[in-house]
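Quantities reported herein were computed from a predicted structural model and do not represent experimental measurements. Order of the sequence lines sets the chain letters (A, B, ...), proteins ahead of strands, with each chain counted from 1. These numbers come from the heavy atoms of this one structure, side chains and all, not from hydrogens, waters or symmetry mates.
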There are 2 protein chains.
Amino acid sequence: MESKQVEPNPYAKNCGSRQVIDRIGDRWSVLIVLTLADGVKRYSELAQRIEGVSQKMLTQTLRGLERDGLVTRTPHATVPPRVDYALTDLGRSLLGLVSGLEAWATSHLGDVEAARARYDAREGRHGSAA
Amino acid sequence: MESKQVEPNPYAKNCGSRQVIDRIGDRWSVLIVLTLADGVKRYSELAQRIEGVSQKMLTQTLRGLERDGLVTRTPHATVPPRVDYALTDLGRSLLGLVSGLEAWATSHLGDVEAARARYDAREGRHGSAA
DNA sequence: CGGTATCCGACTAGATACTG
DNA sequence: CAGTATCTAGTCGGATACCG
């Protein structure tokens with residue numbers, strides 16, 4: 001078989017690496033992975049910890065992460081029911097990157113907000129007072 | 001709720017750091033920053049290099065990045081017109097992270113695809129054929 | 001060339017109601 | 001407790017048309 005393995009290129013629209021970037025970029029994925037950083041969590045813990053996520057989005061994102069092999073889902077047949085979520089090795093391999101993202105967001109938030117304020121102030125003077 | 005300056009916390013829905021994560025997470029933002037990594041580019045070069053982006057999304061994302069202080073926009077009053085885009089220092093500070101993202105996506109693409117195939121195969125046996 | 005404005009369809013995400 | 005199903009509003013994003 002001579003199907004050449006071209007290197008993954010996120011600029012190419014058909015390349016799967018773009019899907020991977022999409023998943024990482026997902027607003028809830030990042031927060032979920034971050035929340036699972038310090039160990040296994042149950043569904044309700046995630047829901048509580050991640051402010052503003054709806055049940056639908058939480059479940060949906062969790063399923064996506066599970067599908068991509070980043071988290072494991074472990075249901076317990078107890079009553080009341082209980083489901084545990086944890087990072088896989090693959091998920092953990094992403095942790096450094098994701099917490100780097102959080103760190104960047106946290107430390108450069110001020111810069112970004114200042115830049116926005118500057119830009120928005122500029123909007124007003126398009127040549128005429130508005 | 002809280003006018004006190006608490007430390008940025010992406011879990012809190014009102015915290016700006018979530019907006020920052022959103023911007024980074026944006027599918028086109030990542031690709032644009034990556035494309036600008038090796039220097040200034042003009043609008044048409046970006047459009048060409050980033051496959052599948054529409055003019056609307058390219059301009060819109062570029063404006064967002066400019067507003068957030070990550071890229072500069074430099075129009076030249078020549079004919080035909082020409083606009084150059086480049087990363088700011090802030091934008092460059094993000095480069096390591098973003099290319100780390102690309103590297104992760106590239107190197108773990110196979111794992112993710114395998115996990116997906118495994119998961120999807122599982123779907124078929126929910127107890128009923130479908 | 002490098003946009004902007006508008007229209008409109010497709011997908012997203014939230015609220016709600018119900019189930020194992 | 002941990003979901004699933006459904007409905008719907010809002011947003012996103014592509015195509016098109018036109019301007020500086």
Side-chain angles (χ1 to χ4, degrees), chain A residues 13-14 18-19 21-32 35-36 40-67 71-86 119 122-128 130, chain B residues 13-14 18-19 21-32 35-36 40-67 71-86 119 122-123 126-128 130:
Chain A
K13 61 198 302 191
N14 297 326
R18 201 175 264 194
Q19 261 73 55
I21 286 182
D22 277 2
R23 165 131 328 281
I24 299 171
D26 185 73
R27 101 192 297 164
W28 302 120
S29 294
V30 175
L31 293 174
I32 289 174
T35 306
L36 291 176
V40 57
K41 293 267 181 297
R42 42 190 305 192
Y43 183 86
S44 49
E45 289 180 287
L46 292 171
Q48 223 172 351
R49 182 92 194 264
I50 303 172
E51 206 177 318
V53 69
S54 66
Q55 197 175 37
K56 179 181 178 179
M57 288 316 296
L58 182 56
T59 300
Q60 188 174 300
T61 307
L62 245 11
R63 289 283 185 281
L65 291 169
E66 188 195 358
R67 185 168 107 100
V71 310
T72 57
R73 175 178 179 276
T74 313
H76 299 277
T78 60
V79 41
R82 169 206 181 108
V83 181
D84 287 332
Y85 290 91
Y119 185 94
R122 223 156 270 274
E123 289 219 305
R125 44 181 183 76
H126 268 186
S128 66
Chain B
K13 61 197 304 191
N14 298 326
R18 201 174 266 194
Q19 261 74 54
I21 286 182
D22 277 2
R23 165 131 329 280
I24 299 171
D26 185 73
R27 101 193 299 163
W28 302 120
S29 293
V30 175
L31 294 175
I32 289 175
T35 306
L36 292 177
V40 59
K41 295 264 180 300
R42 38 189 307 192
Y43 183 86
S44 49
E45 290 180 286
L46 291 171
Q48 223 172 353
R49 182 91 194 265
I50 303 173
E51 207 176 319
V53 69
S54 65
Q55 194 176 40
K56 179 181 178 178
M57 289 317 296
L58 182 55
T59 300
Q60 187 173 300
T61 308
L62 245 12
R63 290 284 184 278
L65 291 169
E66 188 194 358
R67 184 167 107 101
V71 311
T72 56
R73 175 178 179 275
T74 312
H76 300 276
T78 60
V79 43
R82 169 207 181 106
V83 181
D84 287 331
Y85 291 92
Y119 185 94
R122 224 155 269 276
E123 288 218 308
H126 267 187
S128 68

**Asked** Can you name the residues that form a side chain to side chain contact (heavy atoms under 4.5 Å, CB included) with A:Asp22, not counting sequence neighbours?
**Response** B:Arg27
**Message:** Roughly what angle, to 10°, lies between the helix axis at the start of the helix from C:dC1-D:dG20 to C:dG20-D:dC1 and the one at its end, five pairs per end?
**Reply:** 50°
**Message:** Are the side chains of B:Tyr43 and B:Thr59 in contact, using a 4.5 Å heavy-atom criterion?
**Reply:** yes
**Asked** If every non-hydrogen atom of A:Val71 is compared with every non-hydrogen atom of A:Leu62, which pair is closest and at what distance?
**Response** CG2-O, 4.0 Å
**Item:** Residues forming a salt bridge (charged side-chain N to carboxylate O under 4.0 Å, His left out) with B:Arg67, sequence neighbours excluded
**Value:** A:Asp120
**Asked** Partners of A:Ala86 by side chain to side chain contact (heavy atoms under 4.5 Å, CB included), sequence neighbours excluded?
**Response** A:Val40, A:Thr72
**Request:** State which residues pass side chain to side chain donor-acceptor pair (under 3.5 Å) with B:Ser29; sequence neighbours excluded, sorted by chain then number.
**Result:** B:Arg23, B:Asp26
**Message:** Please confirm whether the shortest side-chain N or O distance from B:Arg42 to OP1 or OP2 of C:dG2 is below 4.0 Å.
**Reply:** yes
**Request:** Give the B/S/- string for nucleotides 14-19 of chain C, one per nucleotide from 5' to 3', where a protein heavy atom under 4.0 Å of the base yields B, of only the sugar-phosphate yields S, and otherwise -.
**Result:** BB-B--
**Message:** Counting C-beta onward and ignoring hydrogens, is there a side-chain heavy-atom pair between A:Leu46 and A:Leu36 closer than 4.5 Å?
**Reply:** yes
**d(CD, A:Glu45; P, D:dG3) in whole Å** = 13 Å
**Asked** Of all residues at least two apart in sequence or in a different chain, which pass the side chain to side chain contact (heavy atoms under 4.5 Å, CB included) check with A:Val83?
**Response** A:Arg73, A:Pro75, A:Tyr85
**Request:** Please list, chain by chain and in numerical order, all residues satisfying side chain to side chain contact (heavy atoms under 4.5 Å, CB included) with A:Ser54, sequence neighbours excluded.
**Result:** A:Lys56, A:Met57
**Asked** Has B:Arg73 got a side-chain N or O lying under 4.0 Å from the OP1 or OP2 atom of C:dG3?
**Response** yes
**Prompt:** Between CG of B:Leu31 and CD of B:Glu51, what distance do you get to the nearest 0.5 Å?
**Reply:** 11.0 Å
**Item:** Nearest atoms (heavy-atom pairs only) where A:His76 meets A:Thr74
**Value:** CD2-O, 3.5 Å
**Request:** Give me the residues of residues 77-85 of chain A where at least one heavy atom lies under 4.0 Å from an atom of DNA chain C, by number, or none.
**Result:** A:Pro81
**Asked** Are more than 12 heavy atoms from other residues, nucleotides or ligands located less than 6.0 Å from atom CD of A:Glu45?
**Response** yes
**Request:** For DNA chain D, find the residues of residues 58-66 of chain A with a heavy-atom distance under 4.0 Å and give them by number; none if there aren't any.
**Result:** A:Thr59, A:Arg63
**Item:** Test salt bridge (charged side-chain N to carboxylate O under 4.0 Å, His left out) applied to B:Arg63 - qualifying residues, sequence neighbours left out
**Value:** none
**Message:** What is the distance, to the nearest angstrom, from the CD atom on A:Gln48 to the C1' atom on D:dA2?
**Reply:** 14 Å
